[in-house]
Amino acid sequence: MNMQKTDLIAKLKKTYPEINIEFSDDYKWSPSSSTVFIPKKYEPSYLLHEFGHGLCNHKDYDLAIDLVRHEQEAWDKAYELAKKFKVKIKDDLVADSMTSYYTWLHKRAICPKCHEEGLEIEKNSYKCFFCNCSWKVNEARQCNIKRTILKD
């Protein structure tokens with residue numbers, strides 16, 4: 001780990017002692033332990049993003065759109081932190097990240113029967129106003145979305 005990255009972690013720990021940092025296989029914010037998880041070879045943009053979740057006090061979400069809102073808020077906070085700690089956020093990385101969430105949101109909302117876009121009516125449950133189909137989706141964000149028809 002290079003000195004600049006080590007300095008960033010040290011500065012974050014000193015400035016925000018209420019948020020823990022631990023190394024793991026992936027980036028993650030854990031609200032239950034107030035811990036940011038990052039790989040040993042991490043990208044500073046993602047570290048600041050995960051800290052953004054912590055500083056925004058993000059916990060669980062009710063609807064998929066709430067998760068997307070949390071992601072945008074965390075990136076907005078990451079830009080504030082980047083300015084404060086003199087770190088460059090990679091704009092293309094942010095754009096790719098947000099695009100992946102918009103794509104995920106859209107895929108979940110596609111009706112498995114008529115392929116029009118439905119609406120999430122409660123967590124992981126959707127309804128199509130074109131054909132009246134109802135379906136549930138899995139929690140998947142990293143793998144394939146599975147839609148199970150409840151009612152035609």
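We count residues from 1, following the sequence as given. Hydrogens, waters and symmetry mates are skipped; everything else that's a heavy atom, side chains included, is used.
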Next item on the list: Verify side-chain contact (heavy atoms from CB on, under 4.5 Å) between Asn124 and Leu63, making sure each step is shown before the conclusion.
Entry: CA-CA 7 Å; Asn124 300 327; Leu63 302 174; over 6 Å; no

Notebook entry, point to check: How far apart are the C-alpha atoms of Ile110 and Tyr126, what are their side-chain angles, what is the distance that settles it, and do they pass the side-chain contact (heavy atoms from CB on, under 4.5 Å) test?
Noted result: CA-CA 9 Å; Ile110 297 299; Tyr126 289 76; over 6 Å; no

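A donor-acceptor contact shorter than 3.5 Å is absent between the side chain of Arg147 and the backbone of Lys113. Under a 3.5 Å cut-off, the side chain of Thr35 and the backbone N or O of Ser33 do form a donor-acceptor pair. A side-chain donor-acceptor contact under 3.5 Å links Asn138 to the backbone of Lys146.
When the salt bridge (Lys or Arg N to Asp or Glu O under 4.0 Å) test is applied to Asp96, no partner is found at least two apart in sequence or on another chain.
Summarising the geometry, atom NZ belonging to Lys13 is positioned 8.5 Å from atom CG belonging to Asn20; distances are rounded to the nearest 0.5 Å. In this structure, CD1 on Ile38 lies 8.0 Å from OG on Ser24, to the nearest 0.5 angstrom. Distance OH/Tyr16 to OG/Ser34: 14.5 Å, rounded to 0.5 Å. Ser45 contributes atom OG, which lies 7.5 Å from atom OH of Tyr79 (distance to the nearest 0.5 angstrom). To the nearest 0.5 Å, atom OG of residue Ser30 and atom CD of residue Glu22 are 9.0 Å apart. Interatomic distance, OG of Ser100 versus CH2 of Trp104, reported as 10.0 Å (0.5 Å rounding).
Lys40 forms a cation-pi arrangement with Phe23, by the criterion of a distance under 6.0 Å to the ring centre and an angle within 45° of the ring axis.
When each of Glu71, Lys77, His70 is paired with His53, the side chain to side chain donor-acceptor pair (under 3.5 Å) condition holds for Glu71 and for no other.
One hydrophobic cluster, built from ILVMFWY side chains closer than 4.5 Å, holds both Trp29 and Leu93. In terms of hydrophobic clustering, with Ile, Leu, Val, Met, Phe, Trp and Tyr side chains grouped at heavy-atom distances under 4.5 Å, Leu67 and Leu119 are assigned to different clusters. Put simply, Phe51 and Tyr27 are part of the same group of oily side chains (I, L, V, M, F, W, Y) that touch within less than 4.5 Å, one to the next. No continuous path of ILVMFWY side-chain contacts below 4.5 Å connects Ile9 to Phe37, so the two sit in separate hydrophobic clusters. With hydrophobic clusters built from ILVMFWY side chains whose heavy atoms lie under 4.5 angstrom apart, Ile121 does not share a cluster with Leu150.
The list of salt bridge (charged side-chain N to carboxylate O under 4.0 Å, His left out) pairs with a residue in residues 116-126, not counting sequence neighbours, reads Asp60-Lys123, Arg108-Glu120.
The environment of Asp91 atom CG is dense: over 12 non-hydrogen atoms of other residues, nucleotides or ligands sit within 6.0 angstrom.
Using cut-offs of 30° and 60° on the angle between ring planes, the pair Tyr46 and Trp75 is tilted.
Taking a cutoff of 4.0 Å between a charged side-chain nitrogen and a carboxylate oxygen, Lys84 and Glu80 do not qualify as a salt bridge. By the 4.0 Å N-to-carboxylate-O rule, Lys28 lies too far from Glu50 to be salt-bridged with it.
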